[in-house]
Asker: 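Provided herewith is a single structure, encoded as structure tokens, for subsequent inquiry.
As a basis for the values below, the full set of heavy atoms in this structure was taken, side chains included, without hydrogen atoms, waters or symmetry mates.
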Amino acid sequence: METDRYPLRLTGELSPQLSRGLWLVKWLLAIPHFVVLFFLWIALVVVSVVAFFAILFTRRFPRVLFEFNVGVLRWSWRVGFYAYSALGTDRYPPFTLKDVSDYPARLEIDYPASLSRRLVLVKWWLLALPHYLVVGVFAGGGWAAWTGTGTQWMWTSGGLVGLLVFFAGVVLLFTGRYPKSLYDFVLGMNRWVFRVAAYGALMTDTYPPFRLDMGGDEPPTGTAPETVAPIPAPVNA
């Protein structure tokens, strides 16, 4: 099935060796990040409101503000990947909005040359509503809080992502292994969540696809999985 690459690219490299029990205390270790991110997400909401008017009058998302929002999403993904959105690494996340090329979790968003004045009026609440319902299942009640008030949603343990990550943690505790198929599914849901977050934050006019692009890497441009089952090898055309 043919598809174009989405402007947001989210990747996560699963560590080959994870501590069996460290995930039990990552909630405590990540508290400094949670505190910083709480204020960063309040700032992201304020920046998005400013960007709303900038797009309405100029069709452009100010580049400095755009990069700030990308940095907040990037920071959130690194913390989520370390903690309870994936448990994909034991390497402590850095305190920075910038991309860290050697960190196993990365996020990038293409800067749009221009954005639609008409879409900015409706995409963040009306057009994105079907996705909010889906992502609410993935991320739990925290996502509903984000869409309604602008508060941080990535820290909740509810939703399908939190449930599956908990199962992965239990398996890791007793076997020392993270089930790869489960990891791929979790990454696909996280990718869906962040695409919707970027769209709702007015950072792109490209409507998020209703699909799970599973695995740690983004699918190649022009290809996409036809089912939600893991694809072990590229399919010849």
Asker: Would the distance check show the side chain of R63 and the main-chain N or O of Y111 forming a donor-acceptor pair, the cut-off being under 3.5 Å?
Answerer: no
Asker: Just by distance, do the side chain of Y6 and the backbone of E218 share a donor-acceptor pair under 3.5 Å?
Answerer: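 No; judged by distance alone, with no hydrogens or angles, the pair does not exist.
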Asker: Within a strict 4.5 Å, meaning less than it, do heavy atoms of the P93 and F81 side chains meet?
Answerer: no
Asker: Donor-acceptor pair, K123 side chain versus Y199 backbone, under 3.5 Å?
Answerer: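 Answer holds: no.
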Asker: For the pair R59 (side chain) and S116 (backbone), establish whether a donor and an acceptor sit closer than 3.5 Å, ignoring hydrogens and angles.
Answerer: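 No; judged by distance alone, with no hydrogens or angles, the pair does not exist.
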Asker: Please step through side chain to side chain contact (heavy atoms under 4.5 Å, CB included) for the pair D184 and L212, ending with a clear verdict.
Answerer: CA-CA 10 Å; D184 289 343; L212 284 172; over 6 Å; no
Asker: With heavy-atom distances below 4.5 Å as the criterion, would you say the side chains of T96 and R78 are in contact?
Answerer: yes
Asker: Okay, side chain of W192, backbone of G188: is any donor-acceptor separation there less than 3.5 Å?
Answerer: no
Asker: Just by distance, do the side chain of Y82 and the backbone of K26 share a donor-acceptor pair under 3.5 Å?
Answerer: no
Asker: Hydrophobic clusters here meaning ILVMFWY residues chained together by side-chain heavy-atom distances under 4.5 Å, can you tell me if F53 and V46 are in one?
Answerer: no
Asker: Which atom pair, heavy atoms only, marks the closest approach of V193 to F138?
Answerer: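 It is CG2-CB, 4.1 Å.
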Asker: Report the relative orientation of the aromatic rings in W124 and F52; use parallel for angles under 30°, tilted for 30 to 60°, perpendicular for over 60°.
Answerer: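 Because their plane-to-plane angle is over 60°, the rings of W124 and F52 count as perpendicular.
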Asker: If you take all heavy atoms of I55 and L202, which pair is closest and at what distance?
Answerer: CD1-O, 3.9 Å
Asker: Do the non-hydrogen side-chain atoms of D213 and R211 ever get within less than 4.5 Å of each other?
Answerer: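 They are in side-chain contact.
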Asker: Should V64 and W75 be counted in the same cluster of Ile, Leu, Val, Met, Phe, Trp and Tyr side chains packed under 4.5 Å apart?
Answerer: no
Asker: Would you find a donor on one side and an acceptor on the other, under 3.5 Å apart, between the side chain of W23 and the backbone of S19?
Answerer: no
Asker: Which atoms form the tightest heavy-atom contact between F185 and L160, and what is the distance?
Answerer: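 That would be CE2-CD2, 4.3 Å.
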Asker: With a distance cut-off below 6.0 Å to the six-membered ring centre and an angular limit of 45° from the axis, does R91 pair with Y103 as a cation-pi contact?
Answerer: no
Asker: Compare all side-chain heavy atoms of P209 with those of R195 and state whether any distance is below 4.5 angstrom.
Answerer: yes
Asker: Nearest heavy-atom pair of F68 and A43: which atoms, and what distance?
Answerer: CZ-CB, 3.6 Å
Asker: Show, in sequence, the C-alpha distance, side-chain angles and deciding distance for V79 and F34, and conclude whether the side chain to side chain contact (heavy atoms under 4.5 Å, CB included) test is met.
Answerer: CA-CA 8 Å; V79 174; F34 296 161; 3.7 Å; yes
Asker: If we check side-chain contact (heavy atoms from CB on, under 4.5 Å) with L10, which of these qualifies: R106, E108, R74, R191?
Answerer: R191
Asker: What about F166 and V171, same hydrophobic cluster or not, with Ile/Leu/Val/Met/Phe/Trp/Tyr joined at side-chain heavy-atom distances under 4.5 Å?
Answerer: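 No.
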Asker: Would you find a donor on one side and an acceptor on the other, under 3.5 Å apart, between the side chain of D205 and the backbone of L119?
Answerer: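 Such a contact is absent between D205 side chain and L119 backbone.
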Asker: Could you go step by step and tell me if L172 and L87 meet the side chain to side chain contact (heavy atoms under 4.5 Å, CB included) rule?
Answerer: CA-CA 10 Å; L172 182 64; L87 292 178; 5.7 Å; no
Asker: Are L56 and L121 side-chain neighbours, meaning at least one heavy-atom pair lies under 4.5 Å?
Answerer: yes
Asker: Apply side chain to side chain contact (heavy atoms under 4.5 Å, CB included) to residues N69 and I109 and explain how you reach the verdict.
Answerer: CA-CA 10 Å; N69 280 7; I109 307 177; over 6 Å; no
Asker: Donor-acceptor pair, Y178 side chain versus S15 backbone, under 3.5 Å?
Answerer: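 It does not hold such a pair.
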Asker: I need the minimum non-hydrogen distance between L28 and P32, along with the two atoms involved.
Answerer: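 Closest pair (atom of L28, atom of P32, distance): O-CD, 4.2 Å.
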Asker: Taking all non-hydrogen atoms of both residues, which atom of L65 and which atom of F61 are closest, and how far apart?
Answerer: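 Closest pair (atom of L65, atom of F61, distance): C-CE2, 3.7 Å.
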Asker: Quick check against the 3.5 Å criterion: does R20 have a side-chain atom that pairs as donor or acceptor with the backbone of F174?
Answerer: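 Present.
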Asker: Could you tell me whether the side chain of N190 reaches within less than 4.5 Å of the side chain of V161, counting heavy atoms only?
Answerer: yes
Asker: Among side-chain atoms of W41 and S76, is any donor-acceptor pair under 3.5 angstrom?
Answerer: yes
